Amino acid sequence: MAQPAALPTRYDFATAEPRWQQEWAARGCFRVADAPAGGQPKYYVLEMFPYPSGRIHMGHVRNYTLGDVVARYKRARGFAVLHPMGWDAFGLPAENAARERGIHPARWTWDNIATMRGELQRMGLSIEWEREFATCDPAYYGHQQKLFLDFLRAGLVERREAWVNWDPVDGTVLANEQVIDGRGWRSGALVEKKRLAQWSFKITRFAPDLLEALGQLPRWPERVRLMQEKWIGRSEGARVRFALAEAVGEIADLEVYTTRPDTLFGMSFLALAPEHPLAAALSARDPKAAAFIAECRRMGTSEALIETAPKQGFDTGLRVRHPFREDATFPVWIANFVLMDYGTGAIFGCPAHDQRDLDFARKYGLPVTPVVLPPGAEKADFVIADQAYDGPGVVINSGFLDGLSEAAAKDAAIAELARRGRGEGVVNWRLRDWGVSRQRYWGCPIPIIHCQACGVVPVPEADLPVKLPEDVSFEKPGNPLDHHPTWKHVVCPTCGRPARRETDTFDTFVDSSWYFARFCSPGAARPVDRAAADHWLPVDQYIGGIEHAILHLLYARFFTRAMRATGHLGIAEPFAGLFTQGMVTHESYKSAAGAWLYPSEVEKLPEGGARHRETGEAVIVGRIEAMSKSRRNTVDPGAIIARFGADTARWFILSDNPPERDMEWTEAGVQGAWRFIQRLDRLVEAIAAGTADAPMPGAFSASARALRQASHRAVAAVTEALENFAFNVAVARVHELANALAEAETAAGMAGGDDLAWARREAAFLLCRLIAPMMPHLAETLHEKLAPEAAALIAEQPWPVAEPALLAREQVTIAVQVLGKLRGTVTLPPGSREDAVAAAARAEPNIAKALAGARVVKQIFVPDRIINFVIAR
RNA sequence: GCGAGAGUGGCGGAAUGGUAGACGCACGCGACUCAAAAUCGCGCGCCGCAAGGCAUGGGGGUUCGAGUCCCCCCUCUCGCACCA
């Protein structure tokens, strides 16, 4: 690939960056104690740790840059900052590499870690590398096994059956992402749902607390709290028992959960999930039912797929009695859109007031009876067409419920159900228990032994960690642990007879559910050292992608509670502050032949369009999308850092846009950041060469005072911006300070006195400290130019404080509106009174013109901001 | 399908309900240069000669005043429980 032309360099990042990185490490600038004794306030900054996929990507660079700005800023603000890094090192890609390329997952993973560690270190992050660990290390996962055993003892774990995607050809369980159009990604075989015994964490036990505690997380994004709230999904409704007209085997009743017992009289059918026990019982005697259920099983386990698939149903021929109407019975269907995991796995269908039920009823010609009349509608002409009505109203066509509001009817219906013994009011949760068993090799072994005589036996703690065997084969399909010749054969710790090891491993979400706690004392002999955890937890600022808003964060919240219940931790909430960053995107490119091209293969043309760097062939410029390997719209951070330096990459990332939004990586943006670094270097160089350390002058000229005001306003504004995660605003304020410095340089060239020289030095020193969290290497280099003899590094210096006197405004510009429209401005001293502002405003010709011949009926005045004349003619 | 967000000049964006467009990128003009690059200066929402008008995805509403608050709609993004 053609090399871009070399850039003119003043600031030699290639020498400076490694030098400062070594200096910080040598001085131990980022080290803290596990359990410090002193009274320094603590601050724990954590970014979501990476999966070692091979190389770091721009999403990592963004994530760790954001975290590093916070860590360096808080350190300067006087906090003892814990800022660790590790590796989320178990997972499917390592096994895929093993199957595809014959590399052992451990080798692949540790090689990737070595590569990525080097890349992260070249970013100049203020990380305490001494705390690093990888979850695939027995020194980590052994403690996880201990936690599992403690949870088991505390009743927080159970064994239960769950449905999985089964590839009958490969003989493996498939992840949802490995199911493509209902087929296994490797074998192409039609996927089936299969039932397996699984270990499950009882997260639902904490459902009420997980929900309520969201209210005590003010430093979490509102939308994440909302998403978790909806995910936990507390609802109030009724459990209703419908009697089958004829029992099927031992099944005489069908239980349904509904949030709308007020619409029971609008029922037209009952529908079962295909996995419902009654459906299973029917399929044994009815081949058509069995065929329909088999068809539903092909859909896999993904809820999104189930809910978007066309609605399908099968009429079982069974009927149930209505709980309130002795005379009426309704058909029982099996429907592909009913979820076994929610409620009881059966619903009653009220098509008039539920859209899915309506779609289903229309498809199969089932009756639609409206029972809630919207406000303002007439019963006589209210009909349901293709839109179900789910709003409030008055109940009709419903016997004893007629005339009630839908809310009152819910209570009345529940009371009547209870009286008849056909149901009761219940609270239901959408949240399901967390199945953690995975039939895979590259994960943490579940420390359990299955004994024919003793049943499920926990591995004795003295035998932990249960280590993965290294000599495994990926030649055969299925779980390598299961077909390993010796590993699973053990003696029962209880009875001493031959027994079988659990060959399932943990979901990798388990690994990432407590790593933040391990970082407090990574060498501890127990999972966590209480003193260290009590000191450092909770994480004060957690930073990561919005894609983790629900699962990872909810599992970590559960784990923290479970660790508290088992005495490992003293807190319930792991993350006091949360920030979710956006993705990194880039234009995508395709050749005329339709092949994706890497940005590095493409040359943008000045007149628009693009061509291939080597062949000159025209290139189609596609959408701006999240960087992904499959679209090849990726930019390699390593190459960017080698060419421009880490500070350029960091500065561009911070400057481009607000960090919670998606950012677009562009060559022009990187170039802009690069040029700004060179500019700062020039500006500070001129000051270092042209001024000397001197006592503060007694008086300042207008230009010197203006520069001092600009400096101190920059201090205040950058501080505020950093506090608010408004890094792009912080960048803009630094630009403004640089502009003020450049202006002062011009003034100094013409007629600069000692006072201006002093103000320029002051500005330069402040600038170094303001940019330090964002461009730490440049900050050190510039600081060294200004003060070659200084003993302390910028990384060791406190955050600057603005002088209040320099922040005060001498004049303010007040907008003058007539009838809310801007008609002019007046400039007055701050704090001017309303009558003075009104008089000044009326003296403006434009305002006088607008007010001529009119009567001011109202005058709105906001001090120092606006005066608005409301007039009538 | 369900849940949650986002949408402001050519582009990224700024803006306690109070002068929309700070700052940057791109672009244009000028200076410097034999020339180019780099650098520096000026300009830059749209319509209009101007006065002025119009502008924050679209449509309504609340308010003296709305990018900001409320309702409806459109588009895009994230999540949906075995990717991490």
Side-chain angles (χ1 to χ4, degrees), chain A residues 5 7-8 10 48 50-51 53 88 90-93 162 164-165 173-179 198 221-231 233 301-309 311 337 341 355-356 359 430-440 507-509 512 545-552 554-555 580 582-583 585 625-626 655-658 660-664 666 668-669 671-673 675-676 678-679 682 726 728-729 731-736 739 742 746 813-825 857-862 865-871:
Chain A
L7 290 150
R10 301 182 40 92
M48 291 179 185
Y51 179 76
S53 54
D88 189 12
F90 276 134
L92 270 181
V164 295
N165 297 308
V173 176
L174 298 177
N176 280 335
E177 70 157 13
Q178 297 174 321
V179 180
Q198 307 259 297
E222 175 68 23
R223 65 163 159 157
V224 174
R225 282 181 285 161
L226 253 178
M227 280 191 266
Q228 291 219 350
E229 182 186 324
K230 303 286 180 183
W231 184 264
T301 58
S302 158
E303 189 176 314
L305 276 176
I306 292 168
E307 295 222 28
T308 48
K311 290 179 180 39
F337 65 91
D341 289 319
Q355 192 61 43
R356 283 185 307 182
D359 296 343
R430 205 185 79 97
L431 183 68
R432 310 202 292 259
D433 279 330
W434 172 20
V436 292
S437 296
R438 299 291 182 269
Q439 296 69 43
R440 314 200 189 288
D507 177 5
T508 55
F509 271 125
S512 55
I546 184 68
E547 66 274 18
H548 295 291
I550 296 178
L551 290 179
H552 162 60
L554 198 57
Y555 291 152
T580 54
M583 294 179 301
T585 67
E625 293 186 80
S655 65
D656 187 64
N657 68 347
E660 67 275 15
R661 290 207 209 159
D662 290 352
M663 75 166 285
E664 188 193 351
T666 59
Q671 301 272 1
R675 280 200 303 270
F676 185 66
Q678 305 305 321
R679 181 171 182 229
R682 275 196 309 276
N728 56 327
V729 180
V731 165
R733 299 303 167 232
V734 171
H735 272 283
E736 283 172 347
N739 291 343
T746 311
T813 302
I814 297 170
V816 183
Q817 297 183 341
V818 176
L819 279 175
K821 284 203 186 268
L822 184 73
R823 291 299 175 207
T825 59
V857 288
K858 199 171 169 188
Q859 184 171 301
I860 282 119
F861 177 67
V862 181
R865 303 220 70 140
I866 200 165
I867 185 158
N868 184 9
F869 298 105
V870 184
I871 57 169

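Here is the naming used below: chain letters follow the sequence lines, and residue numbers restart at 1 for every chain. Predicted model only: the values in this text are computed from it and were never measured.
Base contact: A:Phe509 has a heavy atom under 4.0 Å from a base atom. Counting non-hydrogen atoms under 4.0 angstrom, A:Met583 reaches the backbone sugars and phosphates but no base. Contact annotation for A:Gln198: base contact, defined as any heavy-atom pair under 4.0 Å involving a base atom. Counting any heavy atom pair closer than 4.0 Å across all strands shown, A:Pro50 reaches no nucleic acid atom. Here A:Leu431 lies in heavy-atom contact (under 4.0 Å) with a base. Note on A:Asp341: nothing from the nucleic acid sits closer than 4.0 angstrom, heavy atoms only. If you check every strand for non-hydrogen atoms under 4.0 Å, A:Leu226 touches sugar and phosphate atoms only. Residue A:Gly91 is in sugar-phosphate contact alone, with no base atom involved, counting any heavy-atom pair closer than 4.0 Å across all strands shown. Nucleic acid contact for A:Thr813: base, since at least one base atom lies under 4.0 Å from a heavy atom of the residue. Within the nucleic acid shown, A:Asn868 comes within 4.0 Å of at least one base atom, counting heavy atoms only. Heavy atoms of A:Ala304 sit under 4.0 angstrom from at least one base atom. A:His548 comes within 4.0 angstrom of a base, heavy atoms only. Within the 4.0 angstrom heavy-atom criterion, only backbone atoms of the sugar-phosphate kind lie near A:Val870; the bases stay farther away.
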Worksheet item: Is there a side-chain contact (heavy atoms from CB on, under 4.5 Å) between A:Gln439 and A:Gln198 once you walk through the steps?
Response: CA-CA 10 Å; A:Gln439 296 69 43; A:Gln198 307 259 297; 3.2 Å; yes
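Judged by distance alone with a 3.5 Å cut-off, a donor-acceptor contact links the side chain of A:Gln439 to the base of B:C82. Looking at A:Arg733, its side chain has no donor and acceptor atom pair within 3.5 Å of the base of B:C23.
Side-chain contact between A:Met663 and A:Asn728 is absent, with no heavy-atom pair separated by less than 4.5 Å. Between A:Lys230 and A:Met227 the shortest side-chain heavy-atom distance does not fall below 4.5 Å. With contacts defined as side-chain heavy-atom distances shorter than 4.5 Å, the pair A:Phe337/A:Glu307 does not qualify.
To the nearest 0.5 Å, the span separating CD1 on A:Ile550 from CD on A:Gln228 amounts to 7.0 Å.
Relative ring orientation between A:Phe509 and A:Tyr555 is described as perpendicular, the plane-to-plane angle rising above 60° on a 0-90° scale split at 30° and 60°.
Listed nucleotides B:A20, B:C78, B:C82 differ in distance to A:Leu822; the shortest reach to its side chain belongs to B:A20. Distances were taken from every side-chain heavy atom of A:Asp662 (C-beta onward) to each of B:G3, B:U77, B:G53; the shortest belongs to B:U77. For A:Ala668, whose side chain is taken as the heavy atoms from C-beta onward, the closest listed nucleotide among B:C40, B:A81, B:C25 is B:C25. In this structure, the nucleotide among B:C80, B:A14, B:G18 sitting nearest to the side chain of A:Arg661 is B:A14. Residue A:Glu547 places its side chain closer to B:C78 than to any other of B:G7, B:C82, B:C78. Counting only heavy atoms from C-beta on, A:Val173 has its side chain closest to B:C82 among B:U19, B:A84, B:C82. The nucleotide whose nearest atom lies closest to any side-chain atom of A:Ser302 is, among B:G18, B:A81, B:G1, B:A81. Closest contact between the side chain of A:Ala175 and the listed nucleotides B:G3, B:C82, B:A84 involves B:C82. Nearest nucleotide to the side chain of A:Glu303, out of B:G3, B:A81, B:G5: B:A81.
Using modelled atom types, no side-chain atom of A:Arg438 and backbone atom of A:Asp507 make a donor-acceptor pair closer than 3.5 Å.
Proximity of A:Lys821 to the phosphate of B:C54: a side-chain N or O atom is located under 4.0 Å from OP1 or OP2. One finds no side-chain N or O of A:Arg430 lying less than 4.0 angstrom from the OP1 or OP2 phosphate oxygen of B:C2. For the pair A:Arg432 and B:A81, the criterion of a side-chain N or O lying under 4.0 Å from OP1 or OP2 is not met. Contact between the side-chain N/O atoms of A:Asn165 and the OP1/OP2 oxygens of B:C82 is not found at any separation under 4.0 Å. A:Arg675 has a side-chain polar atom (N or O) that falls below the 4.0 Å cut-off from OP1 or OP2 of B:A26. Between A:Thr825 and B:U19, a side-chain N or O to OP1/OP2 separation shorter than 4.0 Å is absent. Proximity of A:Asn728 to the phosphate of B:A22: no side-chain N or O atom is located under 4.0 Å from OP1 or OP2.
RNA chain B is contacted by both A:Val224 and A:Lys311; A:Lys311 maps to the nucleotide lying nearer its 5′ end (nearest heavy atom per residue). Where A:Lys230 and A:Glu736 meet RNA chain B, the nucleotide closest to each residue was compared, and A:Lys230 sits on the side nearer the 5' end.
The same atom, C1', is picked in B:A15 and in B:C34; the two are 49 Å apart, to the nearest Å. Going from the P atom of B:C46 to that of B:C11 covers 11 Å, rounded to whole Å. For the P atom pair drawn from B:G45 and B:C40, the interatomic distance equals 22 Å after rounding to whole Å.
Using the Watson-Crick or G-U wobble rule with both distances under 3.5 Å, B:C64 pairs with B:G18. Look at B:G52: its Watson-Crick or wobble partner, with both distances under 3.5 angstrom, is B:C47. When both pairing distances are held under 3.5 Å, B:A31 makes a Watson-Crick or G-U pair with B:U39. Across all strands shown, the partner of B:G7 is B:C74, judged by Watson-Crick or G-U wobble contacts whose two distances both fall under 3.5 Å. Searching all strands for a Watson-Crick or G-U wobble partner of B:G79 with both distances below 3.5 Å returns B:C2.
Syn is the glycosidic conformation of B:G9, whose angle stays within 90° of 0.
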